[in-house]
Amino acid sequence: MPQRPYVIDEMISAKSIAARIEALAREIRAEFDDTDKLVVVGLLRGSFVFIADLVRELDLPVEVDFLEASSYGDGMESSREVRILKDLRGQIEGRDVLVVEDIVDTGFTLDHVLHLLGSRHPAKLKTIALLDKPTRRETGVRADWIGFEIPDEFVVGYGIDFAQRNRNLPYIGKVRFTDEDALA
Ligand code: PRP
């Protein structure tokens with residue numbers, strides 16, 4: 001598919017993200033205060049930046065593990081079929097687990113992952129998503145902590161890609177296709 005020309009407009013600054021993560025980390029610390037067995041699970045690839053910043057704010061004994069789930073490929077629409085491309089390295093039975101997601105859109109990915117991890121009998125299973133697009137939801141899932149609720153915009157940066165590009169932007173940006181501007 002040929003790449004359409006686009007520009008990226010800043011939507012959430014790196015500073016706002018850092019401040020929000022600090023506040024969320026305080027709430028998470030309170031929830032898991034009495035545990036010495038927290039496993040923080042990042043959903044690859046999109047959460048790799050968020051989880052790195054979040055765990056450094058947690059100040060708790062944590063283990064970090066990763067699970068790779070994919071439902072979009074390089075397209076813009078969810079296939080609604082979530083594929084597990086890489087499973088956890090560790091066991092989570094009896095452990096407290098925090099699943100870290102970059103964005104919840106239709107909810108298929110988080111829903112699938114929660115069913116999968118729930119079947120492994122963790123002691124506690126909680127979720128955090130940096131971004132939530134509630135108007136796009138097609139499942140009943142909702143993260144326990146949400147960084148920012150956003151409208152139905154096509155976002156990139158801070159781990160989130162457009163056809164594997166722009167994950168390394170330090171902020172969340174909104175994609176604007178310039179060929180649409182030309183047509184307007
Ligand atoms: C993206 C994103 C979330 C998921 C959210 O992952 O990182 O995991 O889609 O969408 P949903 O709520 O509609 O399921 P993607 O499949 O693009 O893989 P990636 O994380 O490797 O970019």
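Scope of the values below: all heavy atoms of this structure, side chains included, with no hydrogens, waters or symmetry mates. Worth saying up front: this structure is predicted, and the values here are computed from it rather than measured. Each ligand, and each atom within it, is numbered from 1 in the order the structure gives.
- Of the N and O atoms on the side chains of Ser47 and Asp102, not one donor lies less than 3.5 Å from an acceptor on the other residue.
- For a threshold of 3.5 Å applied to N or O pairs, the pair formed by Val104 and ligand 1 contains no separation below that value.
- When heavy-atom distances to ligand 1 are checked against a 4.0 Å cut-off, Thr109 comes that close through both its backbone and its side chain.
- Salt-bridge check for Lys15 with Glu10: failed, with every basic side-chain N at 4.0 Å or more from each acidic carboxylate O.
- Using a non-hydrogen distance threshold of 4.0 Å, Glu68 does not register as a contact of ligand 1.
- Considering backbone and side-chain N/O atoms, Gly107 comes within less than 3.5 Å of an N/O atom of ligand 1.
- Linking Ile, Leu, Val, Met, Phe, Trp and Tyr residues whenever their side-chain heavy atoms come within less than 4.5 Å leaves Val156 and Val104 in two separate clusters.
- Residue Arg137 does not touch ligand 1, judged by heavy-atom distances below 4.0 Å.
- In this structure Lys86 satisfies the salt bridge (Lys or Arg N to Asp or Glu O under 4.0 Å) test with no other residue, sequence neighbours excluded.
- Each of Ile150, Asp105, Ile103 was scored for a side chain to side chain contact (heavy atoms under 4.5 Å, CB included) with Arg136, with one residue passing: Asp105.
- At a heavy-atom cutoff of 4.0 Å, ligand 1 is contacted by the side chain of Glu101 but not by its backbone.
- Close approach of ligand 1 to Ser70 is summarised as follows: ligand atoms under 4.0 Å from at least one heavy atom of the residue are 16 (O).
- Annotation: Phe154 is not in aromatic contact with Tyr6 [ring centroid separation under 6.0 Å not met].
- Of the listed residues (Arg176, Lys174, Lys133), just one forms a salt bridge (charged side-chain N to carboxylate O under 4.0 Å, His left out) with Glu153, and that residue is Lys174.
- Within ligand 1, the atoms closer than 4.0 Å to a non-hydrogen atom of Arg45 are 19 (P), 20 (O), 21 (O), numbered from 1 in the order shown.
- With a 4.0 Å heavy-atom cut-off, ligand 1 is reached by the side chain of Asp161 but not by its N, CA, C or O.
- In summary, the atoms of ligand 1 found under 4.0 Å from a heavy atom of Leu44, numbered by their order in the structure, are 20 (O), 21 (O).
- When each atom of ligand 1 is checked for a heavy atom of Gly46 under 4.0 Å away, the hits are 19 (P), 20 (O).
- Using a 4.5 Å heavy-atom cutoff, the side chains of Ile160 and Leu131 are in contact.
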